[in-house]
Structures are given as structure tokens and as C-alpha cells.
Amino acid sequence: MTERRAILSGSTFEEQIGYARAVVDGDRVHVSGTTGFDYTTMTISDDVVEQAEQCLRNVAAALAEAGCGFTDVVRVRYLLPERADFEPCWPVLRRCFGDVRPAATMQVCGLADPRMRIEVEVTARLAAA
């Protein structure tokens, strides 16, 4: 039987909607779409680059709890309401993924809260023990 373990961040959204920040399923880690909210204060910056930085801190925390990191990411999805907001985030995203080169998709779409300007979802692989 494959191990399945939920990772919770403490975000009120997880409880209200009924999902986990990440799920470890065997050797895969599926991190939910993660926004720029600081989950300790439930605040979010108005600046898209600051949101991208916080998204990645939130993703990093979930990956660390799962037992891996950005170097283990094989897939990343970027979701943004405004296409023009993507390029200013590139330097932040490159710091985490530039050497890793995961498969990636950027999609322009509406997000759950109008304050959200970027959402990041990743899939990672746990290293063989």
C-alpha cells in the first residue's frame, strides 16, 4: 500500500474549503495552488513580486515538511489573473527553479480572492531512501 499523508499549513482556507496544503503519495509530493498569504497573520501584500516571494516561502515550507525541496520539483504551474504580472516575478521564480528546470505552465485565470495576484502549484519527487 502506498503511503498517503496530508500536510497542513494552518491556513484558514484549508479548513473552510477542505483540502491540504500538500499531499505526499508514495514518492510524489503534490503541493496545492499556493498564494502569497502569510498564513501566520492571514495577510497578503498588494505587490505581485512580494506575493510571489511569499508563495515560494509557503511552498518551500510544505516541501520541507514532506522531506524534499525545490531541487525535487518536477512540475510547476503559475496562475495569474493578469498576464502583465508574470514577467516581474521571473527573477523570484528563477531563484528557486532556474537550476532545476521543472516542466512549467503559466495560465491566466481568475483566482479565489481579488487580492491574490499569483498562485503557484508544484509536484515534486521524494528522493529514494
Side-chain angles (χ1 to χ4, degrees):
M1 183 65 108
T2 303
E3 173 198 3
R4 184 181 188 283
R5 176 172 55 103
I7 294 172
L8 303 176
S9 70
S11 162
T12 58
F13 298 124
E14 294 168 5
E15 181 63 30
Q16 292 170 346
I17 298 169
Y19 71 97
R21 172 65 37 221
V23 174
V24 178
D25 186 28
D27 70 343
R28 297 292 172 178
V29 179
H30 305 272
V31 180
S32 295
T34 302
T35 64
F37 271 94
D38 178 334
Y39 297 129
T40 59
T41 62
M42 286 309 292
T43 59
I44 191 167
S45 171
D46 291 332
D47 181 76
V48 70
V49 174
E50 289 176 13
Q51 284 193 28
E53 290 169 343
Q54 185 63 51
C55 282
L56 295 172
R57 283 191 292 272
N58 295 340
V59 168
L63 291 172
E65 189 170 336
C68 60
F70 287 121
T71 58
D72 302 298
V73 171
V74 296
R75 181 80 163 117
V76 61
R77 289 180 182 87
Y78 305 108
L79 308 168
L80 296 95
E82 299 293 331
R83 177 175 288 123
D85 281 346
F86 190 45
E87 190 170 351
C89 296
W90 289 357
V92 174
L93 305 174
R94 188 171 36 255
R95 279 196 301 271
C96 293
F97 301 116
D99 292 334
V100 179
R101 304 290 176 121
T105 300
M106 184 281 231
Q107 182 177 353
V108 176
C109 62
L111 299 179
D113 182 318
R115 296 172 293 172
M116 297 172 180
R117 296 181 62 191
I118 185 169
E119 187 168 324
V120 178
E121 173 188 334
V122 305
T123 303
R125 187 180 66 195
L126 292 171

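For this chain, numbers begin at 1 and follow the sequence in order. Heavy atoms only: backbone and side chains are in, while hydrogens, waters and symmetry mates are out. The shown structure was predicted, so the numbers you read here are calculated from the model rather than taken from an experiment.
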S.K.: For Gln16, does the CD atom sit with more than 12 other heavy atoms under 6.0 Å from it, leaving out its own atoms?
M.R.: yes
S.K.: Of all heavy-atom pairs between Val24 and Ala66, which one has the smallest distance, and what is that distance?
M.R.: CG2-CB, 3.6 Å
S.K.: According to side chain to side chain donor-acceptor pair (under 3.5 Å), who are the partners of Thr41, at least two apart in sequence or on a separate chain?
M.R.: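 Thr43.
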S.K.: Angle class for the Phe97/Tyr78 ring planes (parallel below 30°, perpendicular above 60°, tilted otherwise)?
M.R.: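 Perpendicular: the ring planes of Phe97 and Tyr78 meet at over 60°.
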S.K.: Please report the C-alpha distance between Val73 and Leu63 in whole Å, then the side-chain angles of each, then the deciding distance to 0.1 Å, and finally whether the side chain to side chain contact (heavy atoms under 4.5 Å, CB included) criterion is met.
M.R.: CA-CA 9 Å; Val73 171; Leu63 291 172; 3.9 Å; yes
S.K.: Extract all donor-acceptor atom pairs below 3.5 Å that involve side chains of residues 118-126 and protein atoms in other chains or at least two apart in sequence.
M.R.:
from, atom 1, to, atom 2, distance (Å)
Glu121, OE2, Arg77, NH1, 3.3

S.K.: Taking the side chain as everything from C-beta on, heavy atoms only, tell me whether Arg21 gets closer than 4.5 Å to Phe13.
M.R.: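 No, their side chains stay 4.5 Å or more apart.
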S.K.: Just by modelled atom types, is the Ser32 backbone N or O under 3.5 Å from a matching donor or acceptor in the Thr34 side chain?
M.R.: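 Yes, because the side chain of Thr34 sits within donor-acceptor range (under 3.5 Å) of the backbone of Ser32.
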S.K.: Val74 and Ile7: same hydrophobic cluster, using ILVMFWY side-chain contacts below 4.5 Å?
M.R.: no
S.K.: With rounding to the nearest 0.5 angstrom, report the CG to OG1 distance, Leu79 to Thr105.
M.R.: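 It comes to 9.5 Å.
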S.K.: Pair up each side-chain donor or acceptor in residues 48-58 with any protein partner under 3.5 Å, not counting sequence neighbours, and list the distances.
M.R.:
from, atom 1, to, atom 2, distance (Å)
Glu50, OE1, Ser45, OG, 2.6
Gln51, OE1, Arg117, N, 2.8
Gln51, NE2, Ser45, O, 2.7
Gln51, NE2, Arg115, O, 2.9
Gln54, OE1, Arg57, NE, 3.2
Gln54, OE1, Arg57, NH2, 2.7
Gln54, NE2, Asn58, OD1, 2.9
Asn58, ND2, Thr35, O, 3.1
Asn58, ND2, Phe37, O, 2.8
Asn58, ND2, Gln54, O, 3.4

S.K.: Without placing hydrogens or testing angles, list every side-chain donor-acceptor pair under 3.5 Å for residues 87-94, not counting sequence neighbours.
M.R.:
none

S.K.: Report yes if the side chains of Phe70 and Asp99 come closer than 4.5 Å at any heavy-atom pair, otherwise no.
M.R.: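 No, every pair of side-chain atoms sits at 4.5 Å or beyond.
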S.K.: Tell me whether Met42 is reachable from Tyr19 by hopping between hydrophobic residues (I, L, V, M, F, W, Y) whose side-chain heavy atoms are closer than 4.5 Å.
M.R.: yes
S.K.: Quick one: are Pro102 and Arg75 in side-chain contact, heavy atoms under 4.5 Å?
M.R.: no
S.K.: According to ring-ring contact (aromatic ring centres under 6.0 Å, His included), who are the partners of Tyr39, at least two apart in sequence or on a separate chain?
M.R.: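 Scan of Tyr39 (ring-ring contact (aromatic ring centres under 6.0 Å, His included), adjacent residues dropped) gives none.
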S.K.: Please report the closest heavy-atom contact between Met116 and Pro81, naming both atoms and the distance.
M.R.: O-CG, 3.6 Å
S.K.: So, using side chain to side chain contact (heavy atoms under 4.5 Å, CB included) as the criterion, who are the partners of Ala20 when residues are at least two apart?
M.R.: Ala6, Leu8, Val23
